[in-house]
Amino acid sequence: MRIAIIGADGQLGTDLVEQCAREGHEVIPLTYGDIHIEEWDSAAAALTAAKPDAVFNAAAFHNVPKCETEIDQAFAVNARGPLNIAKLSEQLGFVHVHYSTDYVFDGKKQAPYVETDAPNPLNVYAASKLTGEYFALNYSPRGIVIRLSGIYGRIPSMMKGNNFVSIMVKLAAEKPEVRVVTDEILSPTPTSEIAEKSLAILRSGEMGLYHLVSEGECSWFEFARTIWDTLELTTPLVETSVKEFASPVKRPFYSVLDNAHYNRLPNVQPMTHWKEALVKFLNAHYKNTIQ
Ligand SMILES: NC(=O)c1ccc[n+]([C@@H]2O[C@H](COP(=O)([O-])OP(=O)(O)OC[C@H]3O[C@@H](n4cnc5c(N)ncnc54)[C@H](OP(=O)(O)O)[C@@H]3O)[C@@H](O)[C@H]2O)c1
């Protein structure tokens, strides 16, 4: 298959490029220099030239506090972008895979969210991503939307310049102690496994909305605790509450996703448990780099 990857130098995009190549696909990596997804002419020119059978869109405006003040840009990239790609998917005949977020939920369910649960976005980022989901699925019959949570990869996020693992390792080296919240619960997931399982979803040929996160759930503190234990960090790690960090942005306190749709697909491997996946990632990419 000929697969174009938008946001190819990003955290998830990098792993998508590698996974597609590993599986023998012809890869067309597209970066911000090649395509601005929110501009119709740019998107149409790049995707027409690429002649893809499938397009993965890993591009996003996902700095959550910035989205609160740069609302037009958030909606341009996260909503108009997938609208353009969906329209091109309809016109040119490619399947498009779009990525969204656990933040479309308000967290009040306090139990893992399935794809049929009603979203209720609490902030601009989440509202713009939810709008993008509707466009991705309703403007093309060949759309797949995959919601993710707490992603981390070898190349920390291009937009944020970091991910939770890289921030924790940095803080442990620089600060006398590190304080992490116990009252926000999620399903942290490595981008390498997202890439692998996204291709399994594409292969299934079944369009629609998917949740794709590691099995199990944890607080940000438990996520950090596993980093400390695996990398044998000695800086004190202290439990705290979100109440300690005044934030202008409302976020869900509970955003665990249930991979219900994915798990119903035939011939797919279940997602790995978050702790097993995290330990494997740390051993592969950090273990021998920490002094
Ligand atoms: N981070 C999380 O924990 C989390 C949680 C749930 C869902 N997600 C979703 O996961 C997806 C992937 O995130 P990520 O961390 O891999 O992102 P990332 O590392 O920031 O990568 C995004 C890529 O998109 C490119 N890009 C940005 N704006 C663009 C535009 N207007 N047109 C074309 N390309 C553009 C960026 O290029 P430049 O670097 O050159 O700007 C970058 O290569 C996103 O959809 C995000 O919303 C993330």
Side-chain angles (χ1 to χ4, degrees), residues 4-19 29-47 50 55-67 70 72-85 88 96-105 113 119 121 123-133 136 144-167 184 186-195 198 210-214 220 223 251-252 255-257 274 278:
I5 294 157
I6 304 173
D9 57 355
Q11 179 168 232
L12 174 58
T14 309
D15 279 315
L16 283 168
V17 168
E18 280 181 16
Q19 186 64 32
L30 300 172
T31 63
Y32 199 53
D34 306 306
I35 183 170
H36 291 194
I37 57 170
E38 69 278 29
E39 294 168 17
W40 172 259
D41 288 348
S42 166
L47 294 181
V55 171
F56 284 94
N57 174 27
F61 189 82
H62 60 90
N63 181 314
V64 179
K66 242 183 169 179
C67 286
E70 297 180 29
D72 291 348
Q73 188 58 12
F75 274 84
V77 180
N78 297 336
R80 187 188 289 267
L83 173 63
N84 288 340
I85 296 165
L88 288 162
H96 71 113
V97 181
H98 179 66
Y99 290 96
S100 188
T101 172
D102 53 341
Y103 274 22
V104 298
F105 296 112
Y113 284 94
N123 56 50
V124 171
Y125 166 67
S128 68
K129 293 292 285 187
L130 181 63
T131 308
E133 290 186 3
I144 292 170
V145 170
I146 301 178
R147 290 185 183 140
L148 310 173
S149 168
I151 71 174
Y152 58 90
R154 196 167 40 81
I155 311 287
S157 165
M158 294 294 278
M159 174 150 208
K160 298 177 183 164
N162 55 47
N163 58 36
F164 187 72
V165 176
S166 65
I167 295 174
E184 259 184 34
L186 72 158
S187 327
T189 312
T191 48
S192 54
E193 189 166 5
I194 294 166
S198 295
Y210 291 84
H211 292 171
L212 191 67
V213 299
S214 294
W220 289 105
F223 188 173
R251 295 168 192 259
S255 60
V256 176
L257 303 180
W274 71 267
L278 177 58

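It should be emphasised that the depicted structure is a prediction, and the values quoted were computed from it without experimental measurement. Just so you know, ligand 1 is whichever comes first in the structure, and atom 1 is the first atom listed for that ligand.
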For the residue pair Phe105 and Pro119, what are the closest heavy atoms and their distance? CD2-CA, 3.9 Å
Look only at interatomic distance and state if Leu12 has a nitrogen or oxygen under 3.5 Å from any nitrogen or oxygen of ligand 1. yes
Using a 3.5 Å cut-off on N or O atoms only, is Asp102 in polar contact with ligand 1? no
Any nitrogen or oxygen of His62 lying under 3.5 Å from a nitrogen or oxygen in ligand 1? Just yes or no. yes
Interatomic distance, CH2@Trp40 vs CD1@Ile85, rounded to 0.5 Å, equals 10.0 Å
As an exercise, identify every atom of ligand 1 less than 4.0 angstrom from a heavy atom of Ile37. 30 (C), 31 (N), 32 (N), 33 (C)
Using a 3.5 Å cut-off on N or O atoms only, is Asp9 in polar contact with ligand 1? yes
Measuring from atom 28 (N) of ligand 1, which candidate in Tyr125, Phe56, Tyr99, Tyr32 has the nearest non-hydrogen atom? Tyr32
Going by the 4.0 angstrom heavy-atom rule, the piece of Ala76 near ligand 1 is neither
Could you tell me which non-hydrogen atom of Thr101 sits nearest to which non-hydrogen atom of Arg147, and how far apart they are? O-CD, 3.7 Å
If we only count heavy atoms from C-beta on, is the Pro188 to Trp274 side-chain gap below 4.5 Å? yes
Gly150 neighbourhood, listing ligand 1 atoms whose heavy-atom distance to it stays under 4.0 Å: 3 (O), 5 (C)
Is Thr189 reaching over with its side chain to a backbone N or O of Ser187, donor-acceptor style, under 3.5 angstrom? yes
So the atoms of ligand 1 within less than 4.0 Å of a heavy atom of Glu38 turn out to be 30 (C), 31 (N), 32 (N)
Run down the list Gly7, Ala58, Gly13 and name the one with the heavy atom closest to atom 22 (C) of ligand 1. Ala58
From Phe56 CZ over to Ile146 CD1, what is the distance, rounded to the nearest 0.5 angstrom? 7.0 Å
At under 4.0 Å between heavy atoms, is it the side chain or the backbone of Val77 that contacts ligand 1, or both, or neither? side chain
With a 4.0 Å cut-off on heavy atoms, does Gly153 reach ligand 1? no
Out of the candidates Asn57, Leu212, Ile144, Leu148, only one should pair with Tyr99 under the side chain to side chain contact (heavy atoms under 4.5 Å, CB included) rule; please name it. Leu148
His36 neighbourhood, listing ligand 1 atoms whose heavy-atom distance to it stays under 4.0 Å: 32 (N)
Do ligand 1 and Leu148 have nitrogen or oxygen atoms that lie under 3.5 Å from each other? no
Just let me know how Lys129 lines up against ligand 1, side chain, backbone, both or neither, with a heavy-atom cut-off below 4.0 Å. side chain
